[in-house]
Amino acid sequence: MTDLPAAAAILTACGLDASLLTGGSLAVHSPIDGSELARLTETPAAAMPAVIARAQSAFAVWRHVPAPRRGELVRLLGEELRAAKADLGALVTLEAGKILSEGLGEVQEMIDICDFAVGLSRQLYGLTIASERPGHVMRETWHPLGPCAVITAFNFPVAVWSWNAALALVCGDPVIWKPSEKTPLTALACMKIFERAAARFGDAPEGLAQLVIGGADLGAALSASPDVPLVSATGSTRMGRIVGPEVAKRFGKSILELGGNNAMIVAPSADLDMAVRAIVFSAVGTAGQRCTSLRRLIVHHSVKDQLVERLIRAYATLPVGDPRAATTLVGPLIDAGSLARMQTALERARADGGLVHGGRTASGAPQGGAYVEPAIVEMPGQTAVVREETFAPILYAMGYETLDEAIALQNDVPQGLSSCIFTLNLREAEEFLQRSDCGIANVNIGPSGAEIGGAFGGEKETGGGRESGSDAWKAYMRRATNTVNYS
Ligand code: NAD
């Protein structure tokens with residue numbers, strides 16, 4: 001496709017020049033066609049103590065900057081992100097394989113959290129509490145915590161950093177970012193944008209926002225360091241099982257945002273037109289590679305055949321292909337390993353008695369990428385493979401008879417991120433909201449995609465962390481209870 005912007009032009013527009021992109025050992029490939037985009041120099045593990053020390057030095061300065069002034073830096077970051085939106089969005093598409101609207105949408109989320117954090121910088125409130133003693137006053141105050149490590153996954157290569165960084169910065173904490181080794185270029189581009197905001201701000205301390213490039217060993221160094229009081233880690237449950245205990249061992253704080261296995265219950269009264277749109281959007285968006293992707297459909301027997309038939313028809317019309325083309329709705333999986341894991345899961349589902357629709361390699365897509373038709377699998381029950389998160393576009397459909405049974409199925413997985421019900425029955429809706437065990441529970445809207453105003457995160461093996469909106473900022477600060485005797 002000759003009318004698509006060349007990789008080199010996108011990298012240049014993001015300020016990534018050849019000197020930065022060559023000569024290193026970390027090969028970065030585009031999932032679009034497998035082409036090599038860069039060979040980056042990795043941060044040696046031996047350099048991590050110096051990185052952490054720089055963050056501690058920045059903390060010594062930044063903690064004393066008034067919070068609304070810290071908010072000014074984040075306001076400028078939001079301005080720079082607005083100016084860079086098209087270029088950074090295109091780079092997300094190039095490096096992570098998201099379709100164009102999703103690449104741009106991710107940058108918009110960064111802008112939104114900056115706006116949120118600017119307002120927050122004037123609202124880091126504590127309580128005043130009635131003391132039982134005469135002549136005494138008791139209050140709760142919030143203080144900067146210290147360097148915050150942000151470990152991120154490939155599938156939200158830029159937004160997750162900003163969800164953490166915008167809050168951490170207004171709360172008075174320096175940030176050390178360890179992005180996925182699959183998406184370091186977007187991280188480098190974000191640092192360029194941050195540097196422009198910091199230059200306009202004027203006196204941000206050196207080391208306030210740092211980036212380290214490399215693999216799990218760098219994340220491990222951050223997890224182990226007592227000089228990093230908070231580790232916010234987004235990725236697989238496998239990773240969280242290592243990072244969580246490592247941080248806990250030294251009594252650090254962690255925000256764990258791990259795997260999901262999200263379900264939708266479709267009740268007999270559901271508006272099926274609305275449900276079909278929501279199912280397709282949330283099951284095939286980002287080629288099923290969102291933590292909140294819809295993976296399990298729990299449908300009342302009375303509407304199941306009709307709904308599945310409509311979905312199969314809708315899936316047949318989905319354009320799978322180059323994510324840079326405006327008509328594409330489903331881009332590539334991140335790599336061939338991901339495609340292989342999807343095929344293994346489909347084989348296991350078949351062996352369990354599942355009827356698979358779709359799931360074949362997509363034809364007509366660029367060579368060298370892992371393009372696949374999204375799959376719908378009619379399952380006789382919630383077998384082991386259904387209870388696992390396969391990070392690919394597989395939607396398992398199961399029937400139910402009673403709402404009790406549906407909610408039990410919805411909750412009977414190890415993960416607890418996002419859930420929803422489609423119903424026009426108020427009793428069913430409220431009953432579901434009381435009993436879903438997930439961090440996110442919706443009515444008549446799919447499980448995927450969250451507004452930054454709400455706290456985001458999930459229960460059980462999803463890790464229990466909350467980030468982004470509401471009072472998630474409290475995790476980035478230290479709480480003190482102060483009693484003053486003025487008698
Ligand atoms: P991953 O776990 O392979 O990697 C995530 C990050 O953790 C990477 O930066 C990686 O280098 C780092 N890492 C891996 N092992 C580590 C260790 N032992 N110590 C420290 N750091 C380590 O995940 P992925 O394949 O990049 O992303 C997909 C997964 O992320 C899915 O499970 C998805 O559900 C999850 N995810 C969750 C959320 C959420 O908010 N809950 C958001 C996005 C993605």
Side-chain angles (χ1 to χ4, degrees), residues 26 31 42-43 45 48 95-98 102 106 109 149-164 176-184 186-187 211-225 228 231-249 252 254-262 285-295 333-335 337-338 341-342 388-393 413-418 438-440 447-450 452 454-469 472:
L26 179 63
E42 295 184 56
T43 308
M48 291 308 287
E95 192 183 39
K98 292 187 169 194
E102 290 173 341
E106 211 186 315
E109 282 195 30
V150 181
I151 298 171
T152 55
F154 77 82
N155 68 322
F156 274 93
V158 291
V160 171
W161 169 72
S162 67
W163 285 8
N164 287 279
I176 305 168
W177 183 10
K178 209 300 282 169
S180 165
E181 47 277 63
K182 293 175 185 169
T183 54
T186 41
L211 175 68
V212 294
I213 301 276
D217 54 334
L218 304 185
L222 293 165
S223 307
S225 172
V228 180
V231 177
S232 175
T234 297
S236 58
T237 294
R238 185 201 64 77
M239 177 275 288
R241 270 191 221 290
I242 300 169
V243 170
E246 195 59 34
V247 177
K249 238 194 275 177
S254 55
I255 299 173
L256 297 176
E257 302 281 352
L258 312 174
N261 192 354
N262 317 296
T286 321
Q289 299 170 109
R290 292 190 194 154
C291 49
T292 53
S293 289
L294 177 62
R295 309 203 180 279
L333 295 176
I334 190 69
D335 53 25
S338 200
R341 282 189 289 280
M342 174 173 175
E388 292 169 20
E389 179 197 51
T390 300
F391 215 53
V413 291
Q415 313 82 356
L417 182 51
S418 191
C438 291
I440 298 169
S448 140
I452 57 97
F456 181 87
E459 302 298 325
K460 303 192 291 186
E461 289 191 4
T462 303
R466 292 295 185 276
E467 62 189 16
S468 189

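Just follow the structure's listing: the first ligand is 1, and inside any ligand the first atom is 1. Basis for what follows: all heavy atoms, side chains included, without hydrogens, waters or symmetry-related copies. Since this is a predicted model, take the numbers as computed values, not measurements.
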- Item | Sub-4.5 Å side-chain heavy-atom contact between V160 and E257 | no
- Query: Out of curiosity, is G465 lining ligand 1, as in a heavy atom under 4.0 Å away?
  - Reply: no
- For atom 6 (C) of ligand 1, what is the nearest protein heavy atom, given as residue, atom name and distance? T152 O, 3.3 Å
- Go through ligand 1 atom by atom and flag the ones less than 4.0 Å from a non-hydrogen atom of E181. 8 (C), 9 (O), 10 (C), 11 (O)
- Query: Below 4.0 angstrom, N of the basic side chain to O of the carboxylate: do K178 and E181 qualify?
  - Reply: yes
- Is there side-chain contact between P393 and M342, with at least one heavy-atom pair below 4.5 Å? yes
- Message: For ligand 1, which is the ligand I care about here, please tell me if K178 has any N or O atom under 3.5 Å from one of the ligand's N or O atoms.
- Response: yes
- atom 14 (C) of ligand 1 [closest protein heavy-atom partner, distance rounded to 0.1 Å]: M239 CG, 3.5 Å
- Note on the structure: ligand 1 to A220, heavy atom cutoff 4.0 Å, flagged ligand atoms 19 (N), 20 (C)
- Task: Heavy-atom distances under 4.0 Å are what count here, so tell me which part of T234 touches ligand 1: side chain, backbone, both or neither.
- Result: both
- Task: Give the residue and atom name of whichever protein heavy atom lies nearest to atom 28 (C) of ligand 1, and the separation in Å to one decimal.
- Result: F391 CE2, 3.7 Å
- Note on the structure: Atoms of ligand 1 under 4.0 Å from any heavy atom of I151, numbered from 1 in the order shown, are 6 (C), 7 (O), 9 (O), 12 (C)
- Task: Measure the acute angle between the ring planes of W177 and W161, then classify it against the limits of 30° and 60° as parallel, tilted or perpendicular.
- Result: parallel
- Query: Among protein heavy atoms, which lies nearest atom 40 (O) of ligand 1, and at what distance?
  - Reply: F456 CE2, 3.1 Å
- Query: Does a side-chain N-to-carboxylate-O contact under 4.0 Å join R341 and E388?
  - Reply: no
- Message: I'd like to know if the side chain of N155 and the backbone of Q289 have a donor-acceptor N/O pair within less than 3.5 Å.
- Response: yes
- Report yes if some heavy atom in the side chain of N262 is under 4.5 Å from a heavy atom in the side chain of S448; otherwise report no. no
- Task: Note the single closest protein heavy atom to atom 41 (N) of ligand 1, along with its residue, its atom name and the distance in Å.
- Result: L258 O, 2.8 Å
- What is the nearest protein non-hydrogen atom to atom 36 (N) of ligand 1, stated with its residue, atom name and distance? C291 CB, 3.6 Å
- Considering only protein heavy atoms, which is closest to atom 27 (O) of ligand 1, and at what distance to one decimal place? A153 CB, 3.2 Å
- Say whether E461 and T237, considering side chains only, have a donor N or O and an acceptor N or O under 3.5 Å apart. no
- Item | Distance filter under 4.0 Å to V243 heavy atoms, resulting ligand 1 atoms | 19 (N), 20 (C)
- Got P157 and K182 here, is their nearest side-chain heavy-atom distance under 4.5 Å? no
- Query: Per the side-chain contact (heavy atoms from CB on, under 4.5 Å) rule, which among T152, I151, N164 passes with S232?
  - Reply: N164
- Number the atoms of ligand 1 from 1 as they appear, then name those within less than 4.0 Å of a heavy atom of P179, with their elements. 9 (O)
- Query: Is atom 4 (O) of ligand 1 less than 4.0 angstrom from some protein heavy atom?
  - Reply: no
- Item | Flag side-chain contact, heavy atom, 4.5 Å: F156 against R290 | yes
- Note on the structure: Going by the 4.0 angstrom heavy-atom rule, the piece of A233 near ligand 1 is neither
- Query: Between E106 and V158, is there a donor-acceptor pair closer than 3.5 Å when you use the side chain of the first and the backbone of the second?
  - Reply: yes
- Query: Hey, looking at atom 2 (O) of ligand 1, which of S236, G235, S338, A159 has the closest heavy atom?
  - Reply: S236
- Query: Should E467 and T234 be marked as a side-chain contact (heavy atoms from CB on, under 4.5 Å) after you check the CA-CA gap, both sets of side-chain angles, and the distance that decides it?
  - Reply: CA-CA 10 Å; E467 62 189 16; T234 297; 4.2 Å; yes
- Per-atom filter on ligand 1: closer than 4.0 angstrom to a heavy atom of G259 are 32 (O), 34 (O)
- Who's closest to atom 34 (O) of ligand 1 heavy-atom-wise, of R238, K182, E257, E389? E389
- When only distance counts, is F154 in polar contact with ligand 1, meaning an N/O pair under 3.5 Å? yes
- Task: Find all atoms of ligand 1 within a distance of less than 4.0 Å from any non-hydrogen atom belonging to I242, and give their numbers and elements.
- Result: 18 (N)
- Task: Please step through side-chain contact (heavy atoms from CB on, under 4.5 Å) for the pair F456 and C291, ending with a clear verdict.
- Result: CA-CA 11 Å; F456 181 87; C291 49; 3.9 Å; yes
- Task: Taking only heavy atoms of G219 into account, list the atoms of ligand 1 that are under 4.0 Å away from them.
- Result: 20 (C), 21 (N)
- Message: Tell me whether G458 reaches ligand 1 (any heavy atom closer than 4.0 angstrom to a ligand atom).
- Response: no
- Message: Assess the residue pair M48 and S225 against the criterion (side-chain contact (heavy atoms from CB on, under 4.5 Å)); give the C-alpha distance rounded to whole Å, side-chain angles, the decisive distance to 0.1 Å, and a yes or no.
- Response: CA-CA 9 Å; M48 291 308 287; S225 172; over 6 Å; no
- The answer for which part of N155 has a heavy atom under 4.0 Å from ligand 1 is side chain
- Counting heavy atoms only, which of G260, G337, A216 comes nearest to atom 16 (C) of ligand 1? A216
